[in-house]
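So the structure is just underneath, and the comments pick up after that.
In each ligand, atom 1 is the first atom listed, and ligand 1 is the first ligand listed. Position 1 is the first residue of the sequence; numbering continues from there.
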Amino acid sequence: MSFLTLKDRVAIVTGAAQGIGYATAKMMVENGMKVALVDMNAAKVEASAGELNDLGGAEAFPVACDVSGMEPVEKMVKAVADHFGQIDVVMNGAGILSAEEVWEIKRADWDKILGVNLSGAFFVAQTAIPWLKKSKHPRIINLASVAGRMGGVGNSMSYAASKGGMLAITRGMARHLGPFRITVNAVCPGPTRTPIMDAYTEEQFADLKSRNVLGRIGESADIAAGICYFASEEACYTTGATLDINGGFWMG
Ligand SMILES: NC(=O)c1ccc[n+]([C@@H]2O[C@H](COP(=O)([O-])OP(=O)(O)OC[C@H]3O[C@@H](n4cnc5c(N)ncnc54)[C@H](O)[C@@H]3O)[C@@H](O)[C@H]2O)c1
């Protein structure tokens with residue numbers, strides 16, 4: 001018997017074509033959840049969902065969607081609800097990284113980062129609220145970052161602001177949605193080896209490792225495990241919380 005009850009629950013996972021979102025969708029499907037893999041990379045999300053369906057567990061349903069636009073988000077949530085008939089979990093994983101110096105950031109780049117990472121997360125969750133209200137165990141999970149805790153870790157202020165903002169909306173939404181039993185929690189990964197880190201050099205990885213008490217860079221599955229806990233029925237008494245999964249990179 002599994003310790004966490006995930007079977008037959010329906011999740012929207014954004015940013016699911018690769019990296020942490022994909023690892024989360026995989027862990028969910030392996031544990032019997034039905035998962036809508038949402039990503040702006042249409043070809044890749046189709047292929048990723050295909051891989052998960054080949055595992056022979058529960059169903060993976062690909063939806064191409066840019067979470068920074070209202071119309072695509074509304075269409076995506078409707079497509080998932082029409083397909084599965086329910087939505088129990090929203091996991092906001094879609095995100096983009098930037099690394100400009102404070103004095104170099106252009107307004108358009110700032111708006112783009114905030115538009116995807118923060119506004120995208122908020123409006124995906126908001127659009128799903130009518131469905132979450134009907135769920136027996138409704139969950140919203142925001143994939144923030146240690147950058148939101150520390151004010152950036154070699155990345156730009158726009159990224160840090162978007163992730164700090166996610167921590168703020170996690171607590172605010174938890175407060176406002178508590179009366180509907182919808183829990184809202186955040187997971188804060190430290191540096192994790194995924195395609196988003198492709199631009200990092202081995203020297204930069206070595207530096208990040210040296211600042212980590214467990215002496216290694218995180219893997220996507222390390223983060224997915226925390227997300228799956230929040231998605232489970234058992235996590236019913238945790239809301240407004242932030243789970244730091246970073247190998248001790250940051251201890252507050
Ligand atoms: N990898 C890390 O070290 C790390 C650390 C802390 C937080 N995070 C956060 O975790 C999340 C996932 O990161 P990852 O490392 O898996 O990155 P990744 O680049 O591997 O995956 C991100 C996915 O999001 C998708 N995406 C980007 N913009 C989108 C949009 N507008 N609409 C829909 N999909 C979009 C991409 O196509 C991609 O598939 C991000 O929010 C990131 O900020 C990552």
- Looking at Gly95, Gly93, Ala42, Ala94, the heavy atom closest to atom 11 (C) of ligand 1 belongs to Gly93
- Note on the structure: For Cys65, the ligand 1 atoms with a heavy-atom partner under 4.0 Å come out as 32 (N), 33 (C)
- Message: For Thr194 and Gln18, which I'm curious about, is there any donor-acceptor pair between the side chains at under 3.5 Å?
- Response: no
- Decide whether Ser98 and Ser158 meet the rule of one side-chain donor and one side-chain acceptor closer than 3.5 Å. yes
- Message: Any nitrogen or oxygen of Met40 lying under 3.5 Å from a nitrogen or oxygen in ligand 1? Just yes or no.
- Response: yes
- Find all atoms of ligand 1 within a distance of less than 4.0 Å from any non-hydrogen atom belonging to Gln18, and give their numbers and elements. 18 (P), 19 (O), 20 (O), 21 (O), 38 (C), 39 (O)
- Using heavy atoms and a threshold below 4.0 Å, how should the contact between Val116 and ligand 1 be classified: side chain, backbone, both, or neither? side chain
- What part of Ile96, side chain from CB on, backbone N/CA/C/O, both or neither, has a heavy atom under 4.0 Å from ligand 1? side chain
- Query: What residue and atom, counting heavy atoms only, is the protein's closest point to atom 17 (O) of ligand 1, and at what distance?
  - Reply: Ile196 CB, 3.3 Å
- Task: Determine whether the side chain, the backbone, both or neither of Lys163 has a heavy atom under 4.0 Å from any heavy atom of ligand 1.
- Result: side chain
- Message: Would Thr194 count as a polar contact of ligand 1, with the cut-off being nitrogen or oxygen pairs under 3.5 Å?
- Response: yes
- Task: Would you check whether Ser145 has a nitrogen or oxygen atom less than 3.5 angstrom from a nitrogen or oxygen atom of ligand 1?
- Result: no
- Task: Starting from atom 24 (O) of ligand 1, find the nearest protein heavy-atom neighbour and note its residue, name and distance.
- Result: Gly15 CA, 3.4 Å
- Message: Pairs of nitrogen or oxygen atoms closer than 3.5 Å, one from Asn41 and one from ligand 1: do any exist?
- Response: no
- In terms of atom number and element, which parts of ligand 1 are under 4.0 angstrom from non-hydrogen atoms of Gly190? 3 (O), 5 (C)
- Item | Under-4.0 Å salt bridge between Glu71 and Lys75 | yes
- Using a strict cut-off of 4.0 Å, indicate which atoms of ligand 1 neighbour a heavy atom of Ile20. 10 (O), 16 (O), 44 (C)
